Amino acid sequence: MTYSVAVSGASGYAGGEILRILAGHPDVEIRTVTAHSTAGQPLVQHQPHLRSLAHLTLQETTPEILSGHDIVFLALPHGQSGQYTDALEDAPLVIDAGADHRLTSADAWGRFYGGAFHDPWAYGVPELLVDGVKQREHLVGATRIAAPGCNASTVSLSLAPGVAAGVIDPSDIVTVLAVGPSGAGKSLKTHLLGGEILGSANPYAVGGTHRHIPEIQQALAAAAGPADGGSGSPAIRISFTPVIVPMARGILATSTAPIAPGASDAQIRGAWADAYDGETFVQLLPEGDFPRTADVLGANTALMGLAIDRAANRVVVVTAVDNLVKGTAGAAIQSMNIALGLPEGRALTVNGVAP
């Protein structure tokens with residue numbers, strides 16, 4: 001069977017990456033691409049690297065144009081997907097790359113985003129531990145999927161094994177992320193201009209203000225299990241500091257948490273090794289090895305290095321992802337494959353691009 005696909009926000013970074021991966025997917029046909037201010041223009045005018053899709057023209061983003069497809073991807077700014085998802089109730093599968101359907105807490109949505117709250121959908125991080133099972137079990141047959149925030153899924157995958165196994169204390173998590181500016185979208189922003197970021201590292205959303213914090217808390221609370229409460233539980237506390245660095249793509253997240261009393265080195269490393277044993281797209285590197293963002297460029301891979309710092313009594317996890325692939329579009333398409341009963345890795349690669 002060939003599935004018809006519509007992609008909204010097709011002129012942006014996330015929409016463009018969804019299209020790049022789908023262009024090599026044997027089970028889908030990209031029929032419709034939509035945008036807002038660029039509607040009526042050729043897709044390749046805004047995505048000149050997508051030569052195989054040069055025949056497509058950007059159309060207006062309306063429920064009427066998006067409907068009638070087997071799969072609809074929404075790659076829209078946060079807070080804008082809900083107006084379309086409410087009107088796409090007849091679409092067999094809708095995947096939202098924005099934040100509108102990620103959070104289970106209306107209060108958290110109000111504090112970090114504002115505007116209308118929409119019901120949460122199946123969270124599109126298949127490898128994430130949730131109440132003792134993998135999230136992929138909740139994606140099988142799903143008709144509504146919320147793709148993750150790139151920073152949020154990177155940190156959640158980094159720490160969920162330790163939280164689930166009880167070998168770290170999740171009440172004192174500290175994470176610092178080096179991130180590429182493509183994670184902020186394609187809209188013109190002065191602080192993301194080349195002249196502003198080249199040769200510089202710029203922290204932003206410092207002091208507990210970043211919108212991905214409640215998403216991480218929600219994911220790690222689910223990894224801990226029901227006994228540790230729901231989204232935003234006081235048991236999950238995180239100091240989260242992202243830093244824009246001069247690379248177009250990528251996230252390098254360094255996350256630390258205190259070692260739980262009595263946890264041995266073997267138990268700690270074993271928690272991560274067991275959690276990701278057999279996973280194609282989340283890989284724990286050998287002891288002493290740590291990833292670079294260059295190693296995951298263009299790949300749907302999260303590479304992870306783990307250190308046990310007994311002097312500081314903390315576990316240190318360093319994880320690299322391509323924010324546009326494993327962080328967004330790759331996670332969305334991996335989740336789509338699972339929902340449709342296709343091979344999970346269809347059209348996705350573990351191989352990066354070098355140099």
Side-chain angles (χ1 to χ4, degrees), residues 123-130 134-135 147-165 167-168 170 173-180 182-183 201 210 212-213 215-220 222-223 236 238-245 247 249-257 259 268-309 314-331 334 348-352:
Y123 192 50
V125 185
E127 303 89 352
L128 191 67
L129 287 164
V130 177
K134 293 293 181 68
Q135 177 63 12
C150 54
N151 295 315
S153 61
T154 304
V155 175
S156 298
L157 287 169
S158 296
L159 296 174
V163 174
V167 297
I168 61 173
I173 294 168
V174 177
T175 185
V176 178
L177 305 90
V179 302
S182 60
H210 197 283
H212 286 175
I213 290 173
E215 188 177 338
I216 298 168
Q217 290 177 312
Q218 176 177 296
L220 294 183
I236 310 293
I238 179 169
S239 173
F240 179 96
T241 306
V243 181
I244 294 176
V245 297
M247 58 183 180
R249 294 171 176 250
I251 296 172
L252 189 72
T254 302
S255 304
T256 78
I259 298 169
I268 293 168
R269 186 164 186 88
W272 274 262
D274 291 344
Y276 298 129
D277 180 43
E279 290 289 354
T280 300
F281 297 116
V282 180
Q283 300 179 16
L284 178 66
L285 298 178
E287 187 171 356
D289 288 354
F290 296 90
R292 309 172 302 166
T293 55
D295 302 330
V296 296
L297 183 65
N300 192 53
T301 320
L303 296 182
M304 196 173 296
L306 184 145
I308 301 168
D309 185 349
R314 297 183 80 88
V315 174
V316 181
V317 182
V318 181
T319 302
V321 304
D322 183 323
N323 58 292
L324 292 178
V325 188
K326 186 56 175 169
T328 307
Q334 184 181 348
L348 300 167
T349 181
V350 296
N351 297 323

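Remember, predicted model here, so these are calculated numbers, not experimental data.
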> Hey, mind stepping through Val167 and Trp272 against side-chain contact (heavy atoms from CB on, under 4.5 Å) and telling me if it holds?
Replying inline: CA-CA 10 Å; Val167 297; Trp272 274 262; 4.0 Å; yes
> Rounded to the nearest 0.5 Å, how far apart are NE2 of His212 and SG of Cys150?
Replying inline: 5.5 Å
> Do Thr319 and Ser158 get their side chains close enough for a donor-acceptor pair, meaning under 3.5 Å?
Replying inline: yes
> Between Gln135 and Tyr123, is there a donor-acceptor pair closer than 3.5 Å when you use the side chain of the first and the backbone of the second?
Replying inline: yes
> Looking only at heavy atoms, which two atoms of Ile168 and Leu159 are closest? And how far apart?
Replying inline: CD1-O, 3.9 Å
> Does Lys134 reach the main-chain N or O of Ala275 with its side chain, forming a donor-acceptor pair under 3.5 Å?
Replying inline: yes
>> What's the separation between atom CG in Asp274 and atom CZ in Arg269, rounded to the nearest 0.5 Å?
In response: 11.5 Å
> Who pairs with Val296 by side-chain contact (heavy atoms from CB on, under 4.5 Å), at least two apart in sequence or on another chain?
Replying inline: Thr301, Leu303, Ala320
> Can you tell me how far the CD1 atom of Ile268 sits from the CG atom of Leu306, to the nearest 0.5 Å?
Replying inline: 8.0 Å
> So, does Asp322 use its side chain to make a donor-acceptor pair with the main chain of Gly298 at under 3.5 Å?
Replying inline: yes
> Quick one: does Gln334's side chain have a donor or acceptor within less than 3.5 Å of a partner on Pro126's backbone?
Replying inline: no
> Any sub-3.5 Å donor-acceptor pair from Tyr276's side-chain atoms to Glu127's backbone N or O?
Replying inline: no
> Under 3.5 Å, side chain of Asn323 to main-chain N/O of Gly250, donor-acceptor pair present?
Replying inline: yes
> Stepwise, does the side-chain contact (heavy atoms from CB on, under 4.5 Å) test hold for Val317 with Met304?
Replying inline: CA-CA 7 Å; Val317 182; Met304 196 173 296; 3.4 Å; yes
>> Classify the ring geometry of His210 against Phe240: parallel below 30°, tilted from 30° to 60°, perpendicular beyond 60°.
In response: tilted
